[in-house]
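Chain letters run A, B, ... following the sequence lines, proteins first, then strands; residues in each count from 1.
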2 protein chains.
Amino acid sequence: MSEERVKLEETREEFVTQWGIMGAQWGINRTMAQIHALLMTSPNVMSTDEVMEALEISRGNAHTNLKDLVGWGLIRIVTKKGERKEFFGAEKDVWEIFRRVARERKRREIDPALETLRSCKSATEEMKSVEGKAFHEQMGQLEDFVSFASKMGDRVASMQHGKAIKLAMKFFG
Amino acid sequence: MSEERVKLEETREEFVTQWGIMGAQWGINRTMAQIHALLMTSPNVMSTDEVMEALEISRGNAHTNLKDLVGWGLIRIVTKKGERKEFFGAEKDVWEIFRRVARERKRREIDPALETLRSCKSATEEMKSVEGKAFHEQMGQLEDFVSFASKMGDRVASMQHGKAIKLAMKFFG
DNA sequence: ATCTGCTTTCAGTAATTACTGAAAGTTCAT
DNA sequence: ATGAACTTTCAGTAATTACTGAAAGCAGAT
């Protein structure tokens, strides 16, 4: 039985590591992704000190990344009565995780990018040269695509899990 | 008329900068994204030296990132007859860009991550403890979601632009 | 007012990632 | 074989990003 414990912990570490790598590839800081993985697979909420110990990181690092994760809406602060310290628990439902990430990335990254595309498009609105027209056209296509994808994302992210599944079925069927 | 040139170049720089920022946020190296932006908005193919000059970067840097972009299928090498040197031209169709990025990210990042999820899932297959079962279940949900999303991506990416638009219309309609 | 237990900040440092530039490699023409 | 015109590599360096740990801040208990 304790053998099982050991194997579980090993497996969990494998997962934490891989989730960290994946996060890094997608522009999320490695530690943040690892903390997320840790909490996602923790049966109980964890304190800052527990996170520090599990990942062998400093208090400052743990603190910053925990608060960032709260900012992304991926974990929540839990206070136990009688205890002064904060505990953290992760959202475990994958669909909900997806929705929150989608929403935040849109807000933080897509919207500003769209702003630039629009500005570049309108700055070249009246141009007469072939180059100017081509550039304007290219900006228009990018803007259309990005804003379209963004709207799609919104739509999907605001659906209930069940509805999304149904829609997906149509797709494959 | 030359005033227009100046404004166009300024605007193009704005775009190159923003595309670089966006790339960085999505885990792509800034310079690579900037070169991509530059070539996407260039009426003609460009040589390594022209890219170096336009972005004020070294030969090594230009070379590495140009070749990486070729690896992603986002730009192609063009050789002019009589000329020995290589020129580079970007795919400009946004749908095609999307398809290629989707395909590459799947191959490079999603598939390996899925591999780990499956391995973690099967390593905890037979566990009897509550923690073991919960972990196994969580891996299963993640695997289902990731592989589902990946399949969806495949599907969309292998569609013709027109078909995708139709599908999207159903969606909004 | 002071202490205790915790959270937050941040200057300094470490680790990682990206870039430079020069040298080596390649290819083709003579 | 030699050289010209390019491409490729890579050791060294710079820039960026992430982390540490100690100090400061804060809130409730005494």
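One can place CD of A:E50 at 11 Å from P of C:dT7, the figure rounded to the nearest angstrom. Atom NZ in B:K67 sits roughly 12 Å away from atom C1' in D:dT9 (whole-Å rounding). The distance between atom CZ of A:F88 and atom P of C:dC6, rounded to the nearest whole Å, is 13 Å. Computed from coordinates, the B:Q25 CD to D:dT16 C1' distance equals 15 Å when rounded to whole Å. Per the geometry, CG belonging to B:D68 stands 11 Å off P belonging to D:dT9, to the nearest Å.
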Would you list the atom pairs, donor with acceptor, under 3.5 Å between side chains in residues 72-90 of chain A and any protein atom, with sequence neighbours excluded?
from	atom 1	to	atom 2	distance (Å)
A:R76	NH1	A:G89	O	3.2
A:E86	OE1	A:K67	NZ	3.3

Return a single string for nucleotides 18-25 of chain D, one symbol per nucleotide in 5' to 3' order, where B is base contact, S is sugar-phosphate-only contact and - is none, cutoff 4.0 angstrom on heavy atoms.
SSBB----
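Under the rule for a side-chain hydrogen bond (donor to acceptor under 3.5 Å, both in side chains), the partners of B:T124 that lie at least two apart in sequence or sit in another chain are B:H136. By the side-chain contact (heavy atoms from CB on, under 4.5 Å) test, B:E13 pairs with no residue at all, sequence neighbours left out. In this view, B:R105 and B:E109 satisfy the side-chain hydrogen bond (donor to acceptor under 3.5 Å, both in side chains) rule, not counting sequence neighbours. For B:A123, the side-chain contact (heavy atoms from CB on, under 4.5 Å) partners are A:K7, A:T11, not counting sequence neighbours.
Put simply, the side chain of B:W19 reaches to within 4.5 Å of the side chain of B:M22, judged on heavy atoms.
Screening residues 90-101 of chain A for side chain to side chain donor-acceptor pair (under 3.5 Å), with sequence neighbours left out, gives A:E96-A:R99, A:E96-A:R100. Applying the salt bridge (charged side-chain N to carboxylate O under 4.0 Å, His left out) test to residues at least two apart or on different chains, none of the pairs has a partner in residues 23-37 of chain B.
Listed in residue order, the members of residues 78-87 of chain A having a heavy atom less than 4.0 Å from DNA chain C are A:R84, A:K85, A:E86.
Dashed line: the shortest gap from a side-chain N or O of B:H63 to OP1 or OP2 of D:dT7 is not under 4.0 Å.
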